[in-house]
Amino acid sequence: MKLDRMIGILAILLQQEKVTAPYLAERFEVSRRTINRDVEALCMAGIPLVTERGTGGGIRVMEGYKIDRTLLSTSDMQAILAGLRSLDSVSGTNRYAQLMEKLSAGTSKILTADQHILIDLASWHKTSLPLKIELIHDGIGSGRMVSFTYHSPKGETIRTVEPYALLFHWSSWYVWSWCRMRQAMRLFKLERMTGLTLGETFKKRSVPLPDLSPEKVFPPALQVKVKIDPAHKWRLIEEYSPEHFSVRPDGSLLFCGGFTDKAAVINWVASFGAGAEILEPDELREDMLAFAEGIREKYRGKISVGSET
């Protein structure tokens, strides 16, 4: 914590003309003696600080020292604040906003300025997700394994992983970890994890950062052409952007894109109801028909008729 405190002290000194040792002691909840030692350490590190005793005295940076009196510009601090507030939206606390207040000590205008960038990372899992994030974050920091039940389209499995990073991507939270079952690095979606527990410690590996490009994570193994009703144009723009479809002479939309497998295509097309039709490849049309027939059979004869009164 000493390094964090010294950085905080330097940030204050660079943004204020002069501060007193009691002020810094109260600010960082330490003794005046500790503050004096920190000031000496900063001087030894090459930062020329001047201590003036008596009425009106205090600690300041030596006049004429060639250094910008702000570590970051106001716009820089505002951008950082927006990011920190987004983390608070997940945790449900003010932890990161309080951290920002410490970093921007003496420049309250940064915290009260117009908030033109707002980021809310909260989700429907607002009760369970913060607990998972905290537990995994603890596991990363303490080097402890995390065990959980993972729910995926292929079924449920019990996994034990070595966690290395928490990621927010594709509108969801993931943990980048070494999976003991697969003996490889894997991304696990937090919303699909239940029963999380911390386990024994592990020796950390030298791991690469994940390649999160869509081509790597969702390799397009199947190319399709789908005719879509123009009423769903907004969905294509939102999900894929205008570059992935064209307008046909009859006004319908022609979508061309890649999917990882047949199930992904069928489920996506089915979500449009009668507003989408697979054009290519032909075998997928047959699969789509079988899918629709399966639904039809499930509901055949099961539609109840209200009793007469």
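All values below come from the heavy atoms of this structure, side chains included, with hydrogens, waters and symmetry mates left out. Values in this document were obtained by computation on a predicted structure and should not be read as measured data.
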* **Residues Arg180 and Glu162 bridged, charged N to O under 4.0 Å** => yes

Where the side chain of [X] meets the backbone of [Y], is there a donor-acceptor pair that is under 3.5 Å apart?
{"X": "Asp261", "Y": "Ala264", "value": "yes"}
{"X": "Asp138", "Y": "Glu134", "value": "no"}
{"X": "Lys298", "Y": "Glu293", "value": "no"}
{"X": "Ser177", "Y": "Cys179", "value": "no"}
{"X": "Lys203", "Y": "Gly143", "value": "no"}

If hydrophobic clusters are built by linking Ile, Leu, Val, Met, Phe, Trp and Tyr wherever their side-chain heavy atoms come under 4.5 Å apart, do [X] and [Y] end up in the same one?
{"X": "Leu212", "Y": "Met185", "answer": "yes"}
{"X": "Ile295", "Y": "Leu284", "answer": "yes"}
{"X": "Phe245", "Y": "Tyr240", "answer": "yes"}
{"X": "Ile266", "Y": "Leu279", "answer": "no"}
{"X": "Ile237", "Y": "Val226", "answer": "yes"}

* Any donor-acceptor N or O pair under 3.5 Å, side chains Arg144, Ser142 ->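 Ser142 and Arg144 do not have a side-chain donor-acceptor pair below 3.5 Å.
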
* To do: Answer yes if the side chains of Ser147 and Thr160 hold a donor-acceptor pair under 3.5 Å, and no otherwise.
  => yes

* Determine, step by step, whether Lys132 and Glu191 satisfy the salt bridge (charged side-chain N to carboxylate O under 4.0 Å, His left out) criterion, reporting the C-alpha distance in whole Å, the side-chain angles of both residues, the deciding distance to 0.1 Å, and the verdict. => CA-CA 9 Å; Lys132 295 178 183 179; Glu191 287 89 340; over 6 Å; no

* To do: Determine, stepwise, if the pair Trp173 / Phe168 fulfils ring-ring contact (aromatic ring centres under 6.0 Å, His included).
  => CA-CA 4 Å; Trp173 283 93; Phe168 183 78; 5.3 Å; yes

Under a 4.5 Å cut-off applied to non-hydrogen side-chain atoms, are [X] and [Y] in contact?
{"X": "Leu253", "Y": "Arg248", "answer": "no"}
{"X": "Ile59", "Y": "Thr20", "answer": "no"}
{"X": "Leu196", "Y": "Leu131", "answer": "no"}

* Asked: What do the steps show when you test Arg33 against Ser31 for side chain to side chain donor-acceptor pair (under 3.5 Å), and what is the final call?
  -> CA-CA 5 Å; Arg33 180 174 298 180; Ser31 66; over 6 Å; no

* **Separation between CG of Leu49 and CZ of Arg60, rounded to the nearest 0.5 Å** => 10.0 Å

* Asked: Between Tyr23 and Phe28, does the ring centroid distance fall short of 6.0 Å?
  ->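 No, too far apart.
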
* Heavy-atom pair of closest approach, residues Val224 and Pro281 -> CG1-CD, 4.1 Å

* Tell me, please, whether Trp178 has Arg186 positioned over its six-membered ring: NZ or CZ under 6.0 Å from the ring centre and within 45 degrees of its axis? => no

* What residues form a ring-ring contact (aromatic ring centres under 6.0 Å, His included) with Phe148, not counting sequence neighbours? ->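 Applying ring-ring contact (aromatic ring centres under 6.0 Å, His included) to Phe148 gives Phe188.
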
Name the atoms and distances for all side-chain donor-acceptor pairs under 3.5 Å in residues 269-278, with sequence neighbours left out.
unit_1	atom_1	unit_2	atom_2	d
Ser271	OG	Arg235	NH1	3.1
Ser271	OG	Arg235	NH2	3.2
Ser271	OG	Trp268	O	2.4
Glu277	OE2	Arg285	NH1	3.0
Glu277	OE2	Arg285	NH2	3.4

